[in-house]
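To keep things clear, I will list the structure first and then write my remarks on it.
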Amino acid sequence: MPDVHESQILEALRSVQDPDLHRDIVSLGFVKDVRIDGGRVEFRVELTTPACPMKDQLREQAHAAVAAIEGVEEVSVEMTARVRTPQRMGPLIPGVKHVVAVASGKGGVGKSTVSVNLAVALVQTGASVGLLDADIYGPTIPIMMGTDEAPDADGDQILPVERYGVKLMSMGFFLEPDRAVVWRGPMIGKFLQQVLQDVRWGELDYLVIDLPPGTGDAPMSLVQIIPLTGVVIVTTPQDVAQEIATKAVLMFRTLEQSIERPIPILGIVENMSGFVCPSCGEETDLFGTGGGERAALNLKLPLLGSVPIDPSICLSGDAGRPSILMAPDSPQASAFRRIAGAVAARASIAAHADAPASGS
């Protein structure tokens with residue numbers, strides 16, 4: 001039986017490509033800890049996110065590539081993940097690797113629902129996740145996550161509330177009941193900067209930020225304060241919502257030029273895309289169809305996913321238990337999991353756009 005060498009293993013694994021980064025897993029530095037014991041080969045593939053939607057496919061391809069080498073009798077592939085930080089991420093939030101903002105051009109499109117379920121879906125993959133409710137005027141994240149617990153403090157730092165494995169911070173934790181927030185732009189910017197600096201987030205793979213709707217002071221202040229990994233735009237199928245989503249994208253692209261720092265748009269999420277009858281399974285487009293797809297096509301952005309209408313989504317938000325947990329086998333839960341995988345993949349692309357991974 002011919003001897004098997006590590007160089008053969010690495011050469012065989014060069015045939016396995018990451019479908020998002022479009023490079024082989026060896027040059028990306030994903031292949032780790034190659035061990036050879038006679039005809040037995042063990043190695044580890046370290047992906048850039050635990051939420052990689054192609055993890056099983058990559059494992060199978062890596063296994064097949066090595067198993068085809070003459071002299072190899074047994075192959076063991078371990079899949080792990082280490083989220084990598086884009087080089088352009090500043091020091092404002094120590095320990096946070098990716099900051100993903102969820103935005104919309106108007107209210108009422110389910111942006112907060114997407115934010116909550118995206119955060120929980122990322123946690124379910126094994127990622128460490130925080131969720132910042134930056135909607136100053138209408139903070140709803142505490143209600144949707146089922147907590148009114150007041151954050152603790154440790155010295156001059158605020159400790160986030162934890163719920164369903166997600167670290168939470170919201171203006172809603174500090175507001176008195178039935179008290180409106182009446183703030184101008186400078187106050188909004190100061191609040192966001194203080195929250196980002198003074199909250200002890202700890203080590204996070206992803207910090208999801210639920211922005212206020214529209215194109216006002218809060219989203220503009222945020223992107224001036226901190227480099228974002230990217231922005232997710234939430235829209236609905238109607239043509240009018242598509243036009244408003246386009247305006248939100250154009251706002252970020254305009255800000256990108258003024259701050260001289262990239263603001264990647266990770267893609268479009270179409271919410272309320274259709275109602276699936278629970279009795280017969282027939283789908284009805286209550287609010288039109290294809291708006292998210294058309295917006296993505298016109299803006300040359302990926303459509304990250306579509307979430308069907310289901311009354312349980314609203315009920316779950318009111319009950320303080322995200323839909324992905326209340327109805328884990330539902331079409332909308334599956335949609336949120338696919339969106340989380342797509343967002344993680346796009347964040348990985350953003351990280352590698354800054355700095356190529358080192359070799360194995």
Side-chain angles (χ1 to χ4, degrees), residues 20 30 32 44-55 78-102 112 114-134 141-142 144-147 149 151-154 157-170 173 195-211 222 226-232 266 304 321-322 324-325 328 333 336-352 354 357:
D20 298 306
F30 289 1
K32 309 286 185 181
R44 183 164 57 90
V45 177
E46 184 183 76
L47 301 174
T48 56
T49 172
C52 175
M54 307 300 291
K55 179 168 60 178
E78 180 187 4
M79 304 297 288
T80 62
R82 178 175 64 88
V83 177
R84 309 180 188 195
T85 308
Q87 285 189 343
R88 59 187 162 80
M89 293 303 292
L92 187 63
I93 315 179
V96 177
K97 295 176 180 175
H98 288 289
V99 180
V100 176
V102 181
S112 295
V114 171
S115 298
V116 162
N117 284 278
L118 170 62
V120 175
L122 288 169
V123 166
Q124 289 181 341
T125 70
S128 52
V129 183
L131 176 57
L132 170 60
D133 185 358
I141 295 301
M144 299 178 78
M145 292 292 276
T147 180
E149 178 183 351
D152 290 327
D154 183 7
Q157 287 197 308
I158 304 170
L159 304 180
V161 173
E162 188 161 334
R163 185 75 166 156
Y164 306 126
V166 180
K167 293 182 178 180
L168 305 173
M169 187 52 58
S170 170
F173 292 137
V195 167
L196 292 169
Q197 287 180 324
D198 294 348
V199 173
R200 187 189 296 171
W201 292 105
E203 296 292 324
L204 293 181
D205 294 323
Y206 304 96
L207 175 61
V208 178
I209 301 182
D210 181 29
L211 291 178
L222 182 74
I226 182 170
L228 299 175
T229 302
V231 180
V232 174
L266 301 182
L304 300 172
R321 186 169 175 80
I324 195 170
L325 296 174
F336 285 128
R337 284 191 287 269
R338 286 193 299 270
I339 290 166
V343 169
R346 298 292 298 176
S348 295
I349 292 171
H352 277 81
D354 285 336

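Numbering of residues begins at 1 and proceeds along the displayed sequence.
Remark: side-chain polar atoms of R337 are paired, donor with acceptor, to backbone N or O of P328 under 3.5 angstrom. In this structure, S128 contributes its side chain and D205 its backbone to a donor-acceptor pair below 3.5 Å.
If you check the side chains of T229 and Y206, you find no donor sitting under 3.5 Å from an acceptor.
In terms of heavy atoms, M145 sits closest to R163 at O-NE, 2.8 Å. Contact detail for R200 and Q157: the closest heavy-atom pair is NE-OE1, 2.8 Å. The minimum heavy-atom distance linking Y164 with V123 is given by the pair O-CG1, 3.9 Å. Between P53 and G341 the shortest heavy-atom distance is CD-O, 3.7 Å. Contact detail for L122 and A344: the closest heavy-atom pair is CD2-CB, 4.4 Å. For the pair S348 and T48, the tightest heavy-atom approach, listed with the atom from each and the gap, is OG-OG1, 2.6 Å.
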Practice prompt. Mind running side-chain contact (heavy atoms from CB on, under 4.5 Å) on Q124 and L325 for me, showing each step along the way?
Written response: CA-CA 10 Å; Q124 289 181 341; L325 296 174; 3.4 Å; yes

Item to complete: Report the C-alpha separation of V120 and V166 in whole Å, then their side-chain angles, then the decisive distance to 0.1 Å, and conclude whether the side-chain contact (heavy atoms from CB on, under 4.5 Å) test is met.
Response: CA-CA 7 Å; V120 175; V166 180; 4.2 Å; yes

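Contact check for L304 versus R346: side-chain heavy atoms found under the 4.5 Å cut-off. At least one side-chain heavy atom of L131 sits under 4.5 Å from a side-chain heavy atom of V116.
Rounding to the nearest 0.5 angstrom, the gap separating the CG atom in L159 from the CH2 atom in W201 is 11.0 Å. Going from atom CG of L118 over to atom CG of D210 covers 10.5 Å, rounded to the nearest 0.5 Å. The CG atom of L211 sits 8.0 Å away from atom CG of L228, with the distance rounded to the nearest 0.5 Å. Note that CD of E46 is 4.5 Å distant from OG1 of T80, once rounded to the nearest 0.5 Å. Note that CE of M144 is 8.0 Å distant from OG of S115, once rounded to the nearest 0.5 Å. Taking CG of L47 as the reference point, atom SG of C52 lies at 5.0 Å (rounded to 0.5 Å).
A side-chain contact (heavy atoms from CB on, under 4.5 Å) with H98 is found for exactly one of L207, V343, V83, namely V83.
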